[in-house]
Structure formats: structure tokens, C-alpha cells
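It should be emphasised that the depicted structure is a prediction, and the values quoted were computed from it without experimental measurement. Residue numbering restarts at 1 for every chain, and letters A, B, ... go by the order of the sequence lines.
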Amino acid sequence: MIWTELRSGMATALEAAGLLTSERLARLELAIPREPSHGDWTTNLAMAIAKDAKRPPRLLAEELAKAYPLGGSIGAVEVAGPGFLNFRYTDAFVASLPARILGEGESFGRSEHGAGEAILVEYVSANPTGPMNVVSARAAAVGSTLVRLLDAAGYAAAGEFYVNDAGNQVDLLGASVAARFAQRLGLEREVPEGGYQGQYLHALAAQLPEADGRAALDAPEGAKWFRDQVLSRMVARQKQDLADYGVTFERWFLESTLHQGGAVDETLQTLTGRGMTYRSRGPLGVSEAAQGRVNAEEGAAAGAAEATWLKTFEYGDDMDRVVVRADGRPTYLLPDIAYHRDKRARGFRRAINLWGPDHHAYVATLSAALQACGLERDFLQVLIVQQVNLLRDGVEVKMSKRAGEFVTLRDLIDEVGPDCAKFFFLMRATNSHLDFDMTLARAQKDENPAYYVQYAHARVASVLRKGAEAGLAPEAGEAHAVTHLAEAHLVRKLSTFPEIVRGAAINREPHRIPGYLIETAAEFHRFYHACQIVGEDPVLSRHRLRLCAATQRVLRNGLSLMGVSAPDRLEREAEIPA
RNA sequence: GCGCCUGUAGCUCAGGUGGACAGAGCAACGGAUUUCUAAUCCGUCGGCCGGAGGUUCGAGUCCUCCCAGGCGCACCA
């Protein structure tokens, strides 16, 4: 990997200048300049450490350039501007890169950066109380891509879905279905206060086996039967929808197992053993900002009795939090802590959670609670997946679960298709709000970047077919020097893929991948127009076919990271006369 | 009131831990196909990067304040 080569080369140069320290090397930033005349790679290190090294940046840069050990893939180092160091590939490297990419195949782009560190990415984790919405669709696209990115960057990554199958909401859900089931039998039974009204529950109630359901209606423990029935069916449906979307998880973790297995109780004991809990009518640790809120609630019925509090304030939360209510029932916080202890106990060094924007305030609380429990401060990393502003024909679609009026993941799959939906979600930075116009994504296919990239891939396939007809295989033949500027630009773009993947993984920014792929596709399309690929000269033809095949490999590897298909043919459907 | 996210071209958005002239797609306009898929390519038009200060060799990027939009501040999950 070029990044590694440059880094060790710069270490050598620093040492020669008598400036090598790990701090200075840590400040090394290697970037790929936008402007080709600035080289294939560039660094501002000389400017960054000039003050510290007490030398003028420009002179320092010249010294480092002189001491840089050329060879390998780098053929020249130039000093430019106020002290940039610009690196250029050797012609031999550029000539041989396509063959190397083909040789590496699926592995091109992978690195050992993570050194096998285990990371668990928890995402979607939608409540099993209704169909999944577009935010879940966005989270699913981002989360699954993040797992693949981390894996490609050398981490041992796994994806997990946390099923909230315990607590009031689920009981309410069961009771709501029980009511629908009773109504189906012609009995009088209302959906309970605060229960679920969605149409999907009618359908679900209709699927329940009638004899068992009848028995459960009369049985004392019957509510449990309905709850378990609806849970297993809702989870199965979530699994199916996500699978159809192309997203699968290493594990579906049931919250109920934490309660049943004693992990929740054990967590409370651990916290208490660490001196992190206390009994009180109100929080003892409170920030000034939160004090007003606490005062406002004083005297409320809920706060009158003595509860068990956790000292999250000590670890940066706004105030201490209740973990066990006065009546002995744990709050949601306790099983959440237990769940994350479980993640750590399974050997994961880091937990990355993708949450919706409505949970951002909870980040500080959970993070503090985990530290109170003894977990590493950097164990939990939360990425907020911002909301999706859904449009149809440019008009906002108001989403209301209660009114049953919302667009589901299933609708997206059916109306837009998994490839386009995922590509669109992944194009945007995860933590920024995004507009998603279903009409645009579906109807104006020509404007969809997903097709742009897929088309480049299919176009290569077409060219390779053409080459095969002429008896030319891209794998054969000697390395060939670049003969056209468009080729050089394309090779240069392909060479940066591993660095793009690495950067996307360590910064948890999947949107860098589609951005890169769009640029790569653009370089390919330009090359395609500028150069005839299969021509009279078999040596040149093979060389260009090899470049095509390498491009296809990079596009396929990138699309595969995104969970988007890479078709060998992409043809516009024939217009069907009305 | 406090906190989080956002504010860059007409629209949707990129702009690695500050760096070399602010980019892409769409929209608008004008071109390119006797040749490997025109779902393509080339060109033109379009920006006081929300506003005001500050930090420094250098700020779209960092700090402070203000403005605007979204979201959140439970012994609900």
C-alpha cells in the first residue's frame, strides 16, 4: 500500500534530517491533491513541523525531499508553494498497476490497518412494534456498509440488531393485537389506552391460529401468548424486509435474554459494588443547567418515593439517572448497560451504535453509565443517523405512525429498489439531514448516480466482451506504458482506492465511497471517449483492456462495500407504447 | 432556558485531524456518435461558503457572539 510506503519513506527522511520523533511522524498527513500538477500524493508536514523544528518550512521541505528514499512506487519528490512535498509515481508503477489490481482481485482495497481489533456495529434496532421507516432504511444502508468497510480496513467487525422485546411497549403491542383478534371473532374488546392502531395489526391478528388464540383470550396468562406471537412475527418480518433490502446481521440480540439470564441484576450488583449507586428521592449529582428541570419536577408523584440512582454525573452526564424505580422495576438504562457489558465480554473492543436523532441526548448518559461500570471511555461510539425528509413530487410526506400514514422500508424496496435507495442514502454524510425524493429516485433514472456508476461497470463488461471476440484477454501481455493523458488520470484514480477505503473506515464515513466511485466512473467514461480500446494494435489493445478490467474491479469492490450490485449489462427498458 | 444537527451555485450535496485558484450532479444553454452500450463525453452560465468579530504565515474548515431551519431535554424506550 502506497500510504505505508510513503510513511516509512518520510520516517527515513526525518531521521536523515535529525528530526525523527513519533510525535512529528504522527503529524504526517498524506493527501491526494485534487490538482494533478500537484503530484500523485502530497504532504504539508514540513509546514506543520517547521515551528517546532525551528527551520523555515521551505528549506525544511527541500531537506526532506533530498533525504526521501526514492524507489518503489515513488519516482520523484518536488517542493512546491510554501513548503508542500509532492510525490510522483514512477512510470513503471503506473504501467504495472492495472495488472497488480487484477492480481489482487477482491482484495484490492483491503488493508491491515485495524490489526484485527474487534468492533461491533449495532444498527437499525427498530422496535418490533411496527413496520420499519425510512430512517431505518438509511441506518441499515450505513450500518451494513460500515461493517464491510471496517472489515476491509483490517478490523474484525460484526453487525448486530438489538431487539427491544421486553417492557411496556411490547406488552401494549400484544394487548393491541389481542383486541384485534377478539374483534375478528366478533367480540367486544377495545385496543388499550396508548396501544397501537396501525392497519398492519389487523393483518397480523388475522394470521394467528384461531384455536390457540381463542384459548389465550380466556387464559390468565393469555396476554403473554399474544405478545410472544406478535413479537416473533414482527421480528421475522423485519428480518425478511432487511434481507430483501440486502442487509443481514451476524446476530439478532434479544433484550429479554438479559433479563432472563440475570445479566440485568448482575449489572446492578456490579454498579453497586463499585460504589456507583445510591438510594434517594432525587439526584445528588446535577449540573446547574439540569437543576432547574429537577426543581420543576419536585413534588411530582413519580419523584416522591426513593429510587436507586446511578452516578452518571461524575462521568460527564447532565445529572445522575434512575436505574431502579421505587417500585423495583429497572428503567431502560439498566438493561442497556447490561447489554453493553455483554458486548465487551464477548471480546469487542469497541461498540459503534447508530442511533436516530431523537436519541442524541442519551449518548452522554449511556457513555457515562458505561464508564461508571468500568468500561473504557472510548468503548462506545455513537453515530447519529439524521432524519430523512421524504418527498414525493417535491412535496414533503408527513409521517405519522398513529395515523398509519408513513412510507416503510418495504415501500422503498418496491418503489425505488434496494440499489438506488442504498446508493442515495450512502451518498450523504450520515449525520446530516437529507432530502429523499421518491419520485426523483424512481422516475428520473438517468439522473441517478447509482446508474452512472453501474453503467461504467457494465460498459467495461461490454468492452471486455468485445475484446474476447477479438481473442484478447486482459490478463495476458506485458506491462505497458501509459500512452494517453486520460489513461494516466484513470490509473491515478484507481491507485487511491485503498486509501479511500481506509479513510472511510477509520472516520466512519461511508459516503466517501460513492463519492469516489462517481469520480472513478467519470474518469473511465472520459477515457472511453478519448481512447479506442480494442483496435489494430494487439499490444496496445491488451494494455487498455487491462486498464478497463482493473477499473471494473475497483468499481465492483466499491459497490460491493456499499451492498449495491454491479451488473454486467445495463440496458434501458424499451419504451412500451401506451 | 439548556443541548445536539444543519446553513457552500437556482435545486440536492461534497469539501480527511486548517493548506496551494471553492468542487460535483441536476436544472439552463451550445456542441460531440461511419468505431467497443449516448443511462456517455466536451463546453458555457452560475458562489461576499448564513452574518459579525477573533486565533495565524494561511480559515468553508478552529474559537466567541448573533440570525435561520430541524431535533431533543422522563422514575417512556
Side-chain angles (χ1 to χ4, degrees), chain A residues 27 29-35 37-38 42 44 47-48 50-51 57 80-84 86 127 129 164 166-170 255 287-290 292-293 297 300-303 305 307-309 318 321-327 329-333 335-336 356-364 384 386-387 389 394 427-429 431-437 440 444-449 451-452 454-456 458-459 461-467 469-470 499-500 503-504 506-507 509 511-512 515 518-519 521-522 524-526 528-530 532-535 544-545 548 569-572:
Chain A
R27 295 189 64 176
E29 282 178 50
L30 290 159
I32 299 150
R34 246 197 313 249
E35 172 60 48
S37 69
H38 294 154
T42 185
N44 64 349
M47 291 181 285
K51 192 174 283 181
F84 291 101
N86 295 340
N127 282 330
T129 51
N164 291 108
N168 299 334
Q169 298 305 313
V170 188
E255 181 192 348
S287 72
E288 278 182 43
R293 225 164 48 232
E297 280 165 24
T308 304
W309 294 75
D318 258 5
R321 306 284 170 173
V322 171
V323 283
V324 182
R325 301 177 179 93
D327 63 10
R329 289 153 48 234
T331 63
Y332 59 90
L333 180 56
D336 274 359
D358 50 338
H359 286 72
H360 71 79
Y362 185 48
V363 176
I384 298 297
Q386 275 295 346
Q387 65 189 92
N389 197 18
M427 269 200 308
R428 269 62 184 185
N431 71 338
S432 73
H433 307 233
L434 81 80
D435 283 358
F436 189 103
D437 193 321
L440 224 63
Q444 301 187 316
K445 291 184 169 181
D446 300 12
E447 297 156 20
N448 196 315
Y451 287 93
Y452 183 79
Q454 286 184 324
Y455 178 56
R459 207 173 209 188
S462 168
V463 173
L464 293 181
R465 286 193 291 269
K466 184 81 178 179
E469 282 171 23
E499 171 58 14
I500 299 293
I506 63 179
N507 292 294
E509 292 187 349
H511 74 273
R512 295 186 191 191
I518 290 167
E519 288 169 10
F524 173 74
H525 287 309
R526 272 192 282 272
Y528 177 92
H529 274 266
Q532 185 174 12
I533 296 157
V534 181
R544 287 185 171 162
L545 281 169
C548 286
R569 288 177 197 276
L570 196 64
E571 309 209 32
R572 190 190 288 281

Which residues pass the salt bridge (Lys or Arg N to Asp or Glu O under 4.0 Å) test with A:Glu519, not counting sequence neighbours? A:Lys493
Would you measure the distance from the P atom in B:G18 across to the matching atom in B:C62 and give it in whole Å? 9 Å
Tightest non-hydrogen contact, residues A:Arg512 and A:Asn507, listed as NH2-ND2, 3.3 Å
What does A:Ala361 touch in the nucleic acid at a heavy-atom separation under 4.0 angstrom: a base, only the sugar-phosphate, or nothing? sugar-phosphate
Test of understanding: with salt bridge (Lys or Arg N to Asp or Glu O under 4.0 Å), list the residues that count as partners of A:Arg526, not counting sequence neighbours. A:Glu523
Considering only heavy atoms from C-beta outward, does the side chain of A:Met427 approach that of A:Ile518 to under 4.5 Å? yes
To the nearest Å, how far apart are A:Phe436 CZ and B:C26 C1'? 16 Å
Length of the CG-C1' vector between A:Leu570 and B:U40, whole Å: 12 Å
At under 4.0 Å between heavy atoms, what does A:Ala530 touch on the DNA or RNA strands: base, sugar-phosphate, or nothing? nothing
Show me the protein contacts with nucleotides 15-19 of chain B, counting only N or O atoms at under 3.5 Å.
residue : atom : partner  : partner atom : Å
B:G15   : OP1  : A:His511 : NE2          : 2.4
B:G19   : N7   : A:Asn44  : ND2          : 2.9

Does A:Thr331 make a side-chain donor-acceptor contact with the base of B:A74, cut-off 3.5 Å? no
Between B:A27 and B:G19, how far apart are the P atoms? Round to whole Å, please. 32 Å
To the side chain of A:Tyr451, which of B:C71, B:U40, B:A39 is closest? B:A39
What nucleic acid atoms does A:Thr42 come within less than 4.0 Å of, heavy atoms only: base, sugar-phosphate, or nothing? base
Are there over 12 heavy-atom neighbours, none belonging to A:Arg569, within less than 6.0 Å of that residue's CZ? no
C1'-based separation of B:A38 from B:G31 [nearest Å]: 14 Å
Mapping A:Arg428 and A:Val324 onto RNA chain B by nearest heavy atom, which one lands closer to the 5' end? A:Arg428
Picking from B:A77, B:C41, B:C71, the nucleotide nearest the side-chain atoms of A:Asn164 would be B:A77
Name the residue closer to the 5' end of RNA chain B, choosing between A:Ile518 and A:Ala166 according to the nucleotide with the nearest heavy atom. A:Ile518
Measuring from atom CG of A:Asn164 to atom CG of A:Asp336, what distance do you get when rounded to the nearest 0.5 angstrom? 7.5 Å
Quick one: A:His529 NE2 to B:A38 P, roughly how many Å, whole number? 6 Å
Please pick, from B:U40, B:A77, B:C36, the nucleotide with the shortest atom-to-atom distance to any side-chain atom of A:Tyr452. B:U40
May I ask you to evaluate whether A:Tyr455 reaches the phosphate of B:A38, defined as a side-chain N or O under 4.0 Å from OP1 or OP2? yes
Would you kindly check whether a donor in the side chain of A:Asp358 faces an acceptor in the base of B:A77, or vice versa, at under 3.5 angstrom? no
Please state how far atom CG in A:Asn448 lies from atom P in B:C26, giving the value in whole angstrom units. 11 Å
Touch check for A:Gln169, heavy atoms < 4.0 angstrom, all strands: base, sugar-phosphate only, or nothing? sugar-phosphate
Check for a donor-acceptor pair, side chain of A:Arg27 on one end and backbone N or O of A:Ala48 on the other, with a separation under 3.5 Å. yes
Phosphate OP1/OP2 of B:C42: any A:Arg526 side-chain N/O under 4.0 Å: yes
Quick check: do A:Leu545 and A:Val463 have side-chain heavy atoms less than 4.5 Å from each other? yes
Are the side chains of A:Cys548 and A:Ile533 in contact, using a 4.5 Å heavy-atom criterion? yes
Given the C1' atoms of B:G58 and B:C21, what is the spacing between them in whole Å? 14 Å
Which atom names give the shortest non-hydrogen contact between A:Ala307 and A:Ala326, and what distance separates them? CB-N, 4.0 Å
Distance, rounded to the nearest Å, where A:Asp435 contributes CG and B:A27 contributes C1': 16 Å
Give the rounded distance in Å between these two atoms: NE2 of A:His525 and C1' of B:A32. 16 Å
Please give me the minimum heavy-atom distance between A:Asn431 and A:Gln386, naming the atom from each residue. O-CG, 3.0 Å
Suppose you measure atom C1' in B:U56 against the same atom in B:C41; what distance do you get, rounded to whole Å? 44 Å
Atom-to-atom span, CZ of A:Arg329 to C1' of B:A77 - whole angstrom: 12 Å
Which residues pass the ring pair (Phe, Tyr, Trp, His ring centres under 6.0 Å) test with A:Tyr362, not counting sequence neighbours? A:Tyr332, A:Trp355
I want to check one thing: is the phosphate of B:A74, taken as OP1 and OP2, less than 4.0 Å away from some side-chain N or O of A:Arg321? no
Hey, is the side chain of A:Tyr528 poking within less than 4.0 Å of OP1 or OP2 on B:U33, counting only N and O atoms? no
Pairs counted only when both distances fall under 3.5 Å, Watson-Crick or G-U: show me the 5' to 3' dot-bracket for RNA chain B, [ ] for pseudoknotted crossings and | for other-strand partners. (((((((..((((.....[...)))).(((((.......))))).....(((((..]....))))))))))))....
Taking atom P in both B:C63 and B:C4, compute the distance separating them and give it to the nearest angstrom. 11 Å
Using the 3.5 Å cut-off, write out each protein N or O paired with an N or O of nucleotides 4-8 of chain B and the distance between them.
residue : atom : partner  : partner atom : Å
B:C5    : O2'  : A:Gln386 : NE2          : 3.4
B:C5    : O2'  : A:Asn431 : O            : 3.0
B:C5    : O2   : A:His433 : NE2          : 3.1

What interatomic distance, in whole Å, is found between P of B:G51 and the corresponding atom of B:U61? 11 Å
Tell me the interatomic distance from A:Leu434, atom CG, to B:C11, atom P, rounded to whole angstroms. 17 Å
Syn or anti for B:G25? Use the chi torsion, O4'-C1'-N9-C4 for purines and O4'-C1'-N1-C2 for pyrimidines, with syn inside 90° of 0. anti
Side-chain heavy atoms of A:His433 within contact of A:Gln387, under 4.5 Å: yes
Within 45° of the ring axis of A:Phe524 and under 6.0 Å from its six-membered ring centre, is that where the NZ or CZ of A:Arg459 lies? no
Distance between the P atoms of B:U8 and B:A14, in whole angstroms? 11 Å
Under 4.5 Å between any side-chain heavy atoms of A:Thr331 and A:Arg321, yes or no? no
Ring stacking, A:His38 with base of B:A20, under 5.5 Å and under 30°? yes
Sugar-phosphate only, base, or nothing, as touched by A:Val534 at under 4.0 Å among non-hydrogen atoms: base
